[in-house]
Amino acid sequence: MTRRFTALAALAVVCAAAEVVAGRGMSPVDVWDVLNGGGDATERHIVFQLRLPRLLVALGAGACLAVAGLVLQSALRNPLAGPEVTGVTPGAVLGAVTATALGLAGWESPLAVVLAACAGGCAGAALLWLLAGRRHGDPAQTAVHGVLVSAVLGGFTAMVLLVEPGELGSVVQWLVGTTEGRVWEHWHLLWPWALLWSAAAWLLAGPLTLLRCGDDIALAAGLSARRARSLALLCAVALTAGAVAAVGALGFVGLLVPHLAVAVFGADLRRSLPGAALTGAVVVCGADAAAQLSSRLLATALDSGRLTLPVGALTACLGAALLLLVVRRTPSRTF
């Protein structure tokens, strides 16, 4: 287990180094020169004020989404549960966009964005809870209701766009998910939020393990299933809201990364929760590096200096392809 964590941490370092040097405007040699104390003022600003905070925000957002997904799948006993398909992410996006359209939040007030996203995420989760019923025993039924809730919340987001067409840029950023333009203020707001709720999720590892075994076993062990599930859902919503407020809706990270973490680190949530956080950080960081490199290559090939591929588009495409591959290779498996 120690070797697995060490190998994953080494992979995180590699992905972080790739992201720092993958952006446009500077060559890897120039970046290395700046890190060694050289470079001019512009190059130092690009590295220390743009690329480093972008890297840290990508790591933190990936960790938040992965932990939130694992908590949701454990609390609901549903392998298809994730922030993207349980109304949490669409609700958080709707909350952030609505607050921005009303002038209550914006990039100049990231704390207000986090609070608005958290309120929207709670509303989305509550709506799914009401529609799916109290038992949540059928994964397929919960997934269908989650898709319906996500579609309804997405429709409300589109309505906000019709009322306030000037918010098109903000809506696209939150709907697709991007780390473009993230600065130190975003990181300073994200890391304490992520640390607080990730620690709370880790403290719930024991109750979550019992919930995965069923409510009857949890009650026999003296655990209040409803209270434990409510606390777990609160942690998942808060983590998702923090990630959405920082980078927008990154598709499939919270749905697929938890399965990868459990496969690598086992079913013991005391290990798989930190493993999920590290895996999510690696996935988002690596995807962001790949998106920057792809943008650089496409801009050169198409002679378009302003072409940018958002990381959310890459995670959505790769996640959908991976999910389709798994379903086709294991057609008899119940998801």
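The first residue in the sequence is number 1, and the count goes up from there. This structure is a prediction, so every number in the text was calculated from the model and none was measured.
- For the pair Arg182 (side chain) and Glu180 (backbone), a donor-acceptor distance under 3.5 Å is present.
- Taken together through direct or relayed side-chain contacts under 4.5 Å among Ile, Leu, Val, Met, Phe, Trp and Tyr, Leu211 and Val67 form part of one hydrophobic cluster.
- Here the closest non-hydrogen pair linking Ser150 and Gly87 is OG-N, 3.7 Å.
- We find the CH2-CG distance between Trp187 and Leu55 to be 9.0 Å, quoted to the nearest 0.5 Å.
- Here the side chain of His188 pairs no donor or acceptor atom with the backbone of Glu185 at under 3.5 angstrom.
- Side-chain contact check for Leu278 versus Phe5: some heavy-atom pair is nearer than 4.5 Å.
- Sparse packing is recorded around CH2 of Trp32, with 12 or fewer heavy atoms of other residues, nucleotides or ligands lying under 6.0 Å away.
- Proximity of Leu231 to Leu204: side-chain heavy atoms (C-beta onward) are separated by under 4.5 Å at one or more points.
- A single hydrophobic cluster is not seen to contain both Leu318 and Leu297; linkage of ILVMFWY side chains at heavy-atom distances under 4.5 Å, directly or through other members, places them apart.
- Trp193 CH2 to Cys64 SG: the interatomic distance, rounded to the nearest 0.5 Å, is 10.0 Å.
- No donor-acceptor pair closer than 3.5 Å links the side chain of Arg51 to the backbone N or O of Ile46.
- One finds the CG atom of Leu70 at 5.0 Å from the CG atom of Leu273 (value rounded to the nearest 0.5 Å).
- The backbone N or O of Ala205 lies less than 3.5 Å from no partner atom in the side chain of Arg270, so there is not a single donor-acceptor pair.
- Checked by atom type and distance alone, the side chain of Thr315 pairs as donor or acceptor with a backbone atom of Gly312 at under 3.5 Å.
- Using a 4.5 Å cut-off on side-chain heavy atoms (C-beta onward), Ser74 and Leu269 make contact.
- A donor-acceptor pair under 3.5 Å is absent between the side-chain atoms of Ser272 and the main chain of Phe265, judged by distance alone.
- The number of heavy-atom neighbours closer than 6.0 Å to CZ of Arg271, taken from other residues, nucleotides and ligands shown, is 12 or below.
- One hydrophobic cluster, built from ILVMFWY side chains closer than 4.5 Å, holds both Val160 and Val244.
- Minimum heavy-atom separation, Leu190 to Ala61: CD2-N, 3.8 Å.
- Not a single donor-acceptor pair under 3.5 Å links the side chain of Arg227 to the backbone N or O of Leu223.
- The backbone N or O of Leu52 lies less than 3.5 Å from no partner atom in the side chain of Glu19, so there is not a single donor-acceptor pair.
- To the nearest 0.5 angstrom, Asp40 atom CG is 12.0 Å from His45 atom NE2.
- No side-chain heavy atom of Val247 sits less than 4.5 Å from a side-chain heavy atom of Thr178.
- The shortest non-hydrogen separation linking Val253 to Pro258 is O-CD, 3.7 Å.
- In Phe156, the CZ atom is not crowded: 12 or fewer heavy atoms of neighbouring residues, nucleotides or ligands sit closer than 6.0 Å.
- No donor-acceptor pair closer than 3.5 Å links the side chain of His186 to the backbone N or O of Pro53.
- Ala12 approaches Val282 most closely through the heavy-atom pair CB-CG2, 3.5 Å.
- Nearest heavy-atom pair, Ala289 versus Ala18, reported as atom, atom and distance to 0.1 Å: CB-C, 4.0 Å.
- One hydrophobic cluster, built from ILVMFWY side chains closer than 4.5 Å, holds both Leu94 and Leu131.
- For the pair Val257 and Leu65, the minimum side-chain heavy-atom distance is 4.5 Å or more.
- Side chain of Arg4 to main chain of Val264: a donor-acceptor pair is present (N/O by atom type, distance under 3.5 Å, no hydrogens or angles).
- The OG1 atom of Thr89 sits 10.5 Å away from the CG atom of Leu255 when rounded to the nearest 0.5 Å.
- To the nearest 0.5 Å, atom CG of residue Asp268 and atom OG1 of residue Thr209 are 6.0 Å apart.
- The two residues Gly177 and Pro310 make their nearest non-hydrogen contact at O-CB, 3.6 Å.
- In this structure, Val13 is not a member of the same hydrophobic cluster as Val283, with clusters built from ILVMFWY side-chain heavy atoms closer than 4.5 Å.
- Looking only at side-chain heavy atoms (C-beta outward), Gln73 and Val262 stay at 4.5 Å or farther from each other.
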For side chain to side chain contact (heavy atoms under 4.5 Å, CB included), just list the numbers for Asp30 and Val34, CA-CA rounded to whole Å, side-chain angles, deciding distance to a tenth of an Å, and then say yes or no.
CA-CA 6 Å; Asp30 294 332; Val34 170; 5.6 Å; no
